Amino acid sequence: MDLSPHLPSSGRALVVAAAVVDDLRTPTRLLAARRTGPSVLAGGWELPGGKVELDETPLEALHRELREELGVVVEVGPPVDGPLPGRSWLLGERYEMLVWLAVVVEGEPAAIEDHDEVRWLGAGHLFDVAWLPADLPIVERLEARFGAS
Ligand code: 9L3
Ligand code: MG
């Protein structure tokens with residue numbers, strides 16, 4: 001696994017997020033979190049995560065964000081590759097985002113910081129929430145990994 005700092009060539013800042021699932025191999029549930037801010041994004045559902053700080057690797061940032069936002073410790077699985085160089089996903093003009101599958105190994109996901117609700121979505125219900133426009137294509141990509149349930 002690549003632990004080196006990721007340097008986007010695009011000038012966009014790097015964000016990381018997790019597709020938290022119940023099982024890495026055969027997921028049947030995906031965790032969605034509803035943002036409380038900023039106002040343009042509030043109420044939108046996302047894969048939890050956030051900006052990579054200067055002094056940390058993307059995976060360090062991912063673990064920190066999930067601990068801060070949801071109060072959980074996770075095991076990180078394979079990446080969910082995006083279309084950009086470096087396999088990231090475009091988030092508007094200012095950011096690009098790396099995404100990994102992850103499972104909770106300690107704690108129960110809760111809306112501790114930056115969200116007001118978290119929800120487990122079953123395989124047939126992945127699009128029951130209003131995903132942020134930037135996250136929607138990622139969930140569409142994830143759908144193929146889900147079995148029927
Ligand atoms: N963002 C979009 N989808 C996501 C995440 C974790 C973040 N799944 C966007 C929202 C903000 C920016 O990336 O514009 C930085 O995220 P944060 O640090 O505010 O969570
Ligand atoms: Mg965040």
Side-chain angles (χ1 to χ4, degrees), residues 1-3 5-22 24 27 29-123 125-146:
M1 190 170 292
D2 181 15
L3 294 174
H6 176 93
L7 300 172
S9 54
S10 57
R12 288 184 290 266
L14 188 64
V15 172
V16 291
V20 179
V21 292
D22 56 339
L24 288 176
R29 294 195 305 167
L30 172 67
L31 191 77
R34 190 170 62 188
R35 290 187 68 103
T36 53
S39 53
V40 285
L41 301 179
W45 293 77
E46 68 171 10
L47 304 173
K51 297 181 203 70
V52 178
E53 307 286 348
L54 282 176
D55 63 346
E56 62 188 2
T57 66
L59 285 174
E60 286 171 348
L62 188 67
H63 286 284
R64 176 184 51 73
E65 289 286 346
L66 294 174
R67 190 176 63 243
E68 291 174 356
E69 294 190 345
L70 305 176
V72 294
V73 177
V74 295
E75 177 190 335
V76 176
V80 182
D81 288 345
L84 297 181
R87 298 174 181 173
S88 59
W89 297 84
L90 185 62
L91 290 184
E93 293 291 305
R94 291 166 58 198
Y95 301 105
E96 60 186 75
M97 184 162 79
L98 290 170
V99 181
W100 287 266
L101 289 179
V103 287
V104 175
V105 294
E106 207 179 304
E108 192 62 39
I112 292 173
E113 203 176 274
D114 299 343
H115 302 106
D116 62 2
E117 193 179 339
V118 296
R119 194 183 293 178
W120 287 103
L121 303 171
H125 297 271
L126 294 181
F127 302 97
D128 281 10
V129 298
W131 290 103
L132 294 180
D135 286 45
L136 193 54
I138 308 171
V139 180
E140 286 168 350
R141 172 70 60 85
L142 283 166
E143 191 183 16
R145 294 178 184 255
F146 278 74

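Computed from a predicted structure; not experimentally measured. When a ligand or atom number is given, it counts from 1 through the structure's own listing order.
When the heavy-atom distances from atom 1 (N) of ligand 1 to L14, L91, V40 are ranked, the shortest goes to L91.
In terms of protein heavy atoms, atom 2 (C) of ligand 1 is closest to D135 OD1, 3.6 Å. Annotation: atom 5 (C) of ligand 1 to nearest protein heavy atom, E46 OE1, 3.2 Å.
Close approach of ligand 1 to G50 (heavy-atom distance below 4.0 Å) involves ligand atoms 6 (C), 17 (P), 18 (O), 20 (O). Ligand 1 places these atoms under 4.0 Å from at least one heavy atom of L41: 10 (C), 11 (C), 14 (O). Near K51, with a cut-off below 4.0 Å to any heavy atom, the atoms of ligand 1 are 15 (C), 18 (O), 19 (O). Shown in contact with G49 at under 4.0 Å from a heavy atom are these atoms of ligand 1, numbered in order with element: 6 (C), 20 (O). Counting the atoms of ligand 1 from 1 in the order shown, those under 4.0 Å from a heavy atom of Y95 are 12 (C), 14 (O).
Not one N, O or S atom of E46 sits under 2.8 Å from the Mg ion (ligand 2). Not one N, O or S atom of R35 sits under 2.8 Å from the Mg ion (ligand 2).
For the pair L14 and E96, the minimum side-chain heavy-atom distance is below 4.5 Å. A heavy-atom distance below 4.5 Å is found between the side chains of R141 and V80.
How far CG of L142 is from CG of L101: 6.0 Å, rounded to the nearest 0.5 Å. Between the CG atom in L30 and the CH2 atom in W120 there is a gap of 8.0 Å [rounded to 0.5 Å].
Remark: the backbone N or O of I138 is not paired with any side-chain donor or acceptor of W131 at under 3.5 angstrom. Counting only distance, with no hydrogens or angles, the side chain of D135 and the backbone of E46 share no donor-acceptor pair below 3.5 Å. Side-chain atoms of E69 come within 3.5 Å of backbone N or O of G49 as a donor-acceptor pair. Without hydrogens or angle criteria, R94 side chain to A13 main chain gives no donor-acceptor distance under 3.5 Å. Looking at T36, its side chain does come within 3.5 Å of a backbone N or O of D114 through a donor-acceptor pair.
Contacts with ligand 1 closer than 4.0 Å are made by no heavy atom of E65, backbone or side chain.
The shortest N/O to N/O separation between L47 and ligand 1 falls below 3.5 Å.
E69 contributes atom OE2 as its closest N/O/S atom to the Mg ion (ligand 2).
Ligand 1 is approached by R35 to a heavy-atom distance shorter than 4.0 Å.
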